[in-house]
Number of protein chains: 2
Amino acid sequence: MAGKYPTSPLAPAAFPELPVIGGLRFASAAAGVKYQGRTDVMLALLDPGSTMAGVFTRSKTRSAPVLDCQAKIGLDGTGGAAIIVNSGNSNAFTGKNGIESTRAVTTATAAMLGLEETRVFSSSTGVIGEPLKHERITAKLEELKANLAPGKIAEAANAIMTTDTFPKGAAAEVALPGGSVKIAGIAKGSGMIAPDMATMLVYIFTDAKIERAVLQGMLSSLTDVTFNCITVDSDTSTSDTLLMGATGASGVTVTADDTAFVDALKTVMLDLSHQVVKDGEGATKFVEITVTGAVSDAEAKVHAMAIANSPLIKTAVAGEDPNWGRVVMAIGKSGAEADRDLLTITFDDVLVAEKGWVSPSYSEDQGAAVMKQQEIRIGVDLGLGAGKSTVWTCDLTHGYISINADYRS
Amino acid sequence: MAGKYPTSPLAPAAFPELPVIGGLRFASAAAGVKYQGRTDVMLALLDPGSTMAGVFTRSKTRSAPVLDCQAKIGLDGTGGAAIIVNSGNSNAFTGKNGIESTRAVTTATAAMLGLEETRVFSSSTGVIGEPLKHERITAKLEELKANLAPGKIAEAANAIMTTDTFPKGAAAEVALPGGSVKIAGIAKGSGMIAPDMATMLVYIFTDAKIERAVLQGMLSSLTDVTFNCITVDSDTSTSDTLLMGATGASGVTVTADDTAFVDALKTVMLDLSHQVVKDGEGATKFVEITVTGAVSDAEAKVHAMAIANSPLIKTAVAGEDPNWGRVVMAIGKSGAEADRDLLTITFDDVLVAEKGWVSPSYSEDQGAAVMKQQEIRIGVDLGLGAGKSTVWTCDLTHGYISINADYRS
């Protein structure tokens with residue numbers, strides 16, 4: 001539905017220039033799976049020797065493509081690998097047909113590219129519960145293969161969009177003792193976002209040489225502080241997928257000790273996850289919520305997500321109302337430990353309340369000024385321990401209602 | 001803010017005729033706590049011999065009046081009792097001032113009416129975090145005392161409203177072996193509703209003679225299947241309070257074995273809790289969600305609330321879109337046990353999906369016809385056990401956004 005809704009006011013000025021990753025090629029096509037007049041299939045081909053890692057939705061009704069990826073992701077393959085993605089239909093809750101559709105796509109892709117079927121990963125995003133017309137995808141495989149080229153990552157980012165209003169990309173370059181390595185990633189995601197993981201699709205590539213288990217470890221732990229800390233509407237999708245491929249084309253080996261690489265990867269993942277929030281359906285405000293002083297990190301996150309998912313807080317942000325009373329409410333309802341008389345609340349650097357009472361220095365003008373910003377920080381200190389968590393969300397507006405009361409997705 | 005927003009399309013045709021309860025008198029006044037030009041204080045006086053029971057929010061940032069009620073509710077008092085309620089200010093997150101304000105109100109009320117202070121229960125509803133101008137309430141006590149009369153329950157229902165668009169009342173009469181007893185209740189509640197309990201205030205009265213501990217037991221267990229099974233927006237208030245008083249004026253003793261009485265009380269509580277949902281901010285649809293076949297009742301409720309609180313499902317309902325795929329999503333994200341291939345989904349009596357796949361008999365027209373109704377039933381069977389739960393909610397509309405992005409409450 002790209003183009004149906006205005007571009008988010010929080011979108012970056014332009015799609016970034018992403019470096020070409022050696023050992024990696026892309027192609028896109030218009031298969032007409034559901035959308036007409038736009039590309040809706042993306043193919044990525046990684047050279048032999050690439051290692052693959054992934055993180056997936058924990059939904060108990062996860063889709064067929066997710067189950068298929070999960071079955072394959074832990075295998076140590078050495079041949080080439082591919083990722084094939086379609087938008088318009090998520091192939092979720094499609095029963096046996098769904099599994100067969102996924103298998104048909106991956107098998108045909110493997111055959112067309114000369115790969116082991118276990119090295120072909122697929123994702124589908126869009127409507128739940130409608131059969132995937134997979135023959136429309138396989139019909140495009142010849143064209144996709146013919147069009148594979150190193151530089152086409154921007155087109156790929158466009159092909160995977162559903163309700164996104166802008167394509168999402170991020171990159172980093174890292175100087176390591178052994179040489180320079182590049183990281184480039186694309187993502188899609190707008191509504192139904194509350195990663196646990198959440199339809200959010202993310203594909204990150206690097207030319208570093210990284211053992212599969214090391215790559216998986218990095219990806220899983222960084223996901224916990226990036227993609228698992230965002231929410232648009234608390235609705236966790238059946239289909240969230242994050243796949244990362246390391247082609248090794250740079251010749252530079254990266255281990256878990258290469259903190260410069262891990263930091264760079266975290267930067268890319270933060271950038272992409274924030275862009276997903278900024279494209280939250282109907283979003284006009286980007287909100288960072290930091291909870292400190294909790295009994296534990298886990299409890300801090302429970303509080304942070306209670307704030308981030310509260311419709312009353314999200315509508316107050318939309319209305320630029322510094323309604324900190326609703327923050328008190330959310331802390332109180334979260335279920336995690338809190339002592340009202342130890343609470344401190346801040347909006348950006350403005351102290352709003354402390355010791356369970358509005359601060360004498362606080363005036364509503366200060367709070368209102370913060371709320372007028374496009375980016376807002378809400379801080380809560382619980383005064384109980386050292387647990388902390390930072391999460392990101394957007395506001396809840398008329399735009400969200402319009403999109404979701406009308407769009408069958 | 002009564003009158004500011006149009007009456008909910010789900011409102012009953014009129015405020016019901018409520019029976020006069022012996023041993024009980026009401027008065028209302030316009031104290032100008034925050035609102036101008038409407039009543040905002042309610043006083044209920046129960047004769048000596050009345051027993052009192054209550055259920056309160058579990059919020060960790062619960063308000064001063066709630067803490068005060070909780071301290072008193074378990075005491076076996078024999079003198080008269082009173083309930084004094086103000087709207088416009090919830091006296092929540094008001095620190096030491098808040099506790100003093102509550103104490104000032106209850107002390108002055110006790111003195112004016114010749115009661116023990118421990119027999120005076122107070123509630124406050126409205127804005128969080130602003131000091132309560134309690135002197136405006138105590139200034140009205142003389143007038144309230146002078147105006148106490150048996151029949152004025154409808155005025156009381158009006159005085160406690162905040163964003164409600166209609167006053168809420170319900171009643172029942174029960175024929176028991178010892179004679180006839182009456183039950184009459186009033187409630188307020190619109191936004192910030194997800195009882196655990198949730199600003200929802202409920203006051204129920206009966207002329208039955210019931211021991212305090214028996215009354216408390218009935219109230220607590222019935223709350224679990226009524227007020228604790230409704231949600232408007234998942235935001236649990238700092239202030240939810242349900243108080244019940246039994247005056248004994250009928251001379252008929254009721255025990256826990258009087259199932260006819262318990263059933264009648266449940267009917268009153270269901271009626272009031274459903275009215276609160278029907279006045280959900282911006283509501284246009286009333287939705288009953290029944291989950292069966294779960295691993296346990298608790299897990300069934302987790303699933304049911306995941307559906308009831310899902311913004312994507314609530315907007316689909318608003319848009320009259322039979323989007324059962326989102327129901328699959330909510331089941332998957334809830335955290336409770338589910339097997340996608342054992343799921344059955346129904347809209348009213350229409351079978352939508354079974355065995356993890358859309359039913360061959362289902363057509364979208366059938367689902368759309370159900371969604372056009374004002375009252376909708378969503379059924380999910382998990383096929384795993386005998387756990388069940390029924391909850392009620394409303395849709396999520398532009399009205400909710402308009403009310404909450406503008407109203408400081």
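Within every chain, numbering begins at 1; the chains are lettered A, B, ... in the order of the sequence lines, protein sequences first and strands thereafter.
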Next item on the list: Let me see the working for A:Ile401 and B:Lys314 under side-chain contact (heavy atoms from CB on, under 4.5 Å), right down to the final yes or no.
Entry: CA-CA 9 Å; A:Ile401 307 297; B:Lys314 294 157 85 74; over 6 Å; no

Which bit of [X] comes within less than 4.5 Å of chain A, counting heavy atoms only: side chain, backbone, both or neither?
X        : result
B:Ile307 : neither
B:Asn97  : side chain
B:Glu337 : both
B:Ala336 : backbone

[X] [atom1] to [Y] [atom2] distance, which is reported to the nearest 0.5 Å:
X        : Y        : atom1 : atom2 : value
B:Met329 : A:Ser63  : CE    : OG    : 13.5 Å
A:Ser402 : B:His398 : OG    : NE2   : 3.5 Å
B:Ile331 : A:Ser59  : CD1   : OG    : 10.0 Å
A:Asn404 : B:Ile313 : CG    : CD1   : 11.5 Å
A:Lys96  : B:Lys355 : NZ    : NZ    : 12.5 Å
A:Asp233 : B:Leu312 : CG    : CG    : 4.5 Å

Margin query: Please identify which of these residues, A:Val358, A:Leu343, A:Asp341, meets the side chain to side chain contact (heavy atoms under 4.5 Å, CB included) condition with B:Phe93.
Written below: A:Leu343

Next item on the list: Could you give me the CA-CA distance, side-chain angles and deciding distance for B:Val328 and A:Lys60, then say whether side-chain contact (heavy atoms from CB on, under 4.5 Å) is met?
Entry: CA-CA 9 Å; B:Val328 172; A:Lys60 290 188 172 59; over 6 Å; no

Next item on the list: Search all heavy atoms of A:Pro131 against all heavy atoms of B:Trp357 and return the closest pair with its distance.
Entry: CG-CH2, 4.0 Å

Item checked: Heavy-atom pairs under 4.5 Å with chain A, option from B:Gly356, B:Gly95, B:Gly319 with the top count -> B:Gly356

Notebook entry, point to check: Side chain, backbone, both or neither: which part of A:Leu342 has an atom under 4.5 Å from a heavy atom of chain B?
Noted result: neither

